[in-house]
Novice: 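Pasting a structure here, questions to come.
Convention: sequence-line order gives letters A, B, ...; per-chain numbering from 1. No hydrogens, no waters, no symmetry mates; every other heavy atom, side chains included, goes into these values. Model, not experiment: these values are computed from the prediction.
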Amino acid sequence: MRNDLVRGHLDGLLLAVLADAPAHGYEAIQRLTARSAGAFDLPEGTVYPALHRLERAGHARSSWVTHEGRRRRVYALTAAGRRAADAAQTEWRFFATAVDRVLGAAA
Amino acid sequence: MTPTRRHLGEIAACLRVRGRRRRRILAECASHLDEAAAVRGETAAVASFGPAAEIAAALDLEAAAARGATSTAMSAAGVALTALSTLVLINAAGPGAEAPPVLALAVLLAGQIAGVAAATAVLQALAQRRGSPPAAALALLARRNATGLAAAAATIVAAGAALTGQAPAPLLLAGPLALVAALAAVGRAWRLAGALPGGRDPIALSPIADLASLAGIRVPARLGTIDPLRHAVPSATLVAALAATAMFARALREGDAAGTACALAALEATGVVGCFVLLGPALGLRRARRDREAL
């Protein structure tokens, strides 16, 4: 899948994977790859500007956690982030249904 | 040196942000590369992380946006506290105290410039809080904040030079101290935004559009005529007329003669138009002629 298509939805996708449970950057992108069955093949470093953006918007908060001697910055959704995740899901369903009506009808 | 450390060094070399934010970014990238290298090996970890320059540029832009948001909050607080300190200063002067006209005019004009600049900055920061604004927009945000702070400083200095009196020191100092702290934050945000690619590009952003996006409404076409970016002359005329009317009403309420009220209203209108012409491009409220020609 083209990376620019995924990038336009990266914030919403990250909100969805963080809604499952808090995660550090590496874990978040692994969840994204697993849940998309490998369809989203973004450069992994692009997840960090998006996570920082979610934090700036008040949708996520982060803190350093040490696990088995390794320091990780773990991100968790805030209440506003959960609402944003729900809103992103609703918006996507509406958009996807509309696109499907057009493209599906053409097929 | 391992491939992951070399890649981390390349990211560090490309990053322009300094200080705590830089340390956090590099620590996060190092943690990620170590995790990936433990699972897939060093070379695969570097390959899947992405190009150092591209990742660093996106992280820099996000850092600049975060600094823009923080410095705008500090700047708005600085302008508000300075307004409070200025009012305390004015009220501390006896009821019969009279300020020299030039200084009174300076307080009036600078105070309004501070308010307008701070309001446009807050609107812009709120409108772009969830997106990734370009570096030029972040540099404009810093200019709006800096203009608001400079004008607020001019207001309290002019008021202090014009009037004498006694007031509690904490109330008088709160504004100037907040201004200094905000100025340092705005300076850092401006330096970073200006150093990013495109950070020095000319840009103008309409506060009306920011307000509309915040309210989640589409501006009707007929209201679009008050957009200063599209119709500089009618919008400046409208704002000047509104400001002059407000000044006229205020002067009458305070017991001035109709002639004096008219003179004050004319002065206000002239000040608004003059500020729009002089500060419009710096505040991103209209495009400078050379930028219009370049477009």
Novice: So which part of A/R53 gets closer than 4.5 Å to some heavy atom of chain B, the side chain, the backbone, both or neither?
Specialist: both
Novice: Check whether B/S85 reaches the backbone of B/G175 with its side chain - one donor and one acceptor, N or O, closer than 3.5 Å.
Specialist: yes
Novice: For B/V39, which atoms come within 4.5 Å of any heavy atom of chain A: side chain, backbone, both, or neither?
Specialist: side chain
Novice: Might you work through the side-chain hydrogen bond (donor to acceptor under 3.5 Å, both in side chains) test for A/Q30 and A/H24, ending with a clear yes or no?
Specialist: CA-CA 10 Å; A/Q30 293 311 307; A/H24 52 94; over 6 Å; no
Novice: Which region of B/A27, side chain (C-beta onward) or backbone (N, CA, C, O), has a non-hydrogen atom less than 4.5 Å from a non-hydrogen atom of chain A, or is it both or neither?
Specialist: both
Novice: What part of A/T33 gets within 4.5 angstrom of chain B, counting heavy atoms only: side chain, backbone, both, or neither?
Specialist: neither
Novice: Against chain A, label B/A38 side chain, backbone, both or neither, depending on which of its atoms sit under 4.5 Å from a heavy atom there.
Specialist: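 Answer is side chain: those atoms of B/A38 sit under 4.5 Å from chain A.
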Novice: Answer whether the closest heavy-atom distance between the side chains of B/R130 and A/D11 falls below 4.5 Å.
Specialist: no
Novice: Apply side-chain hydrogen bond (donor to acceptor under 3.5 Å, both in side chains) to A/R71 and A/T66, showing your working.
Specialist: CA-CA 4 Å; A/R71 279 182 88 222; A/T66 303; 4.8 Å; no
Novice: Contact part of A/L51 toward chain B, heavy-atom cut-off under 4.5 Å: side chain, backbone, both or neither?
Specialist: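 Neither; nothing under 4.5 Å.
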Novice: Scan B/L183, B/V79, B/T72, B/L140 and name whichever one has a side chain to side chain contact (heavy atoms under 4.5 Å, CB included) with B/N145.
Specialist: B/T72
Novice: Please identify, among B/S31, B/P51, B/A36, B/A66, the residue contributing the most non-hydrogen atom pairs under 4.5 Å to chain A.
Specialist: B/A36
Novice: Parallel, tilted or perpendicular, judged at 30° and 60°: which one describes the rings of A/F95 and A/H9?
Specialist: tilted
Novice: Count the heavy-atom pairs under 4.5 Å between each of B/S48, B/A58, B/A52 and chain A, then report the option with the highest count.
Specialist: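 The option with the most such pairs is B/S48.
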Novice: With a 4.5 angstrom heavy-atom cut-off, which part of A/E55 approaches chain B: side chain, backbone, both or neither?
Specialist: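 For A/E55, the contact with chain B is made by the side chain alone.
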Novice: Please report the interatomic distance CZ(A/R82) to CG(A/L15), rounded to the nearest 0.5 Å.
Specialist: 10.0 Å
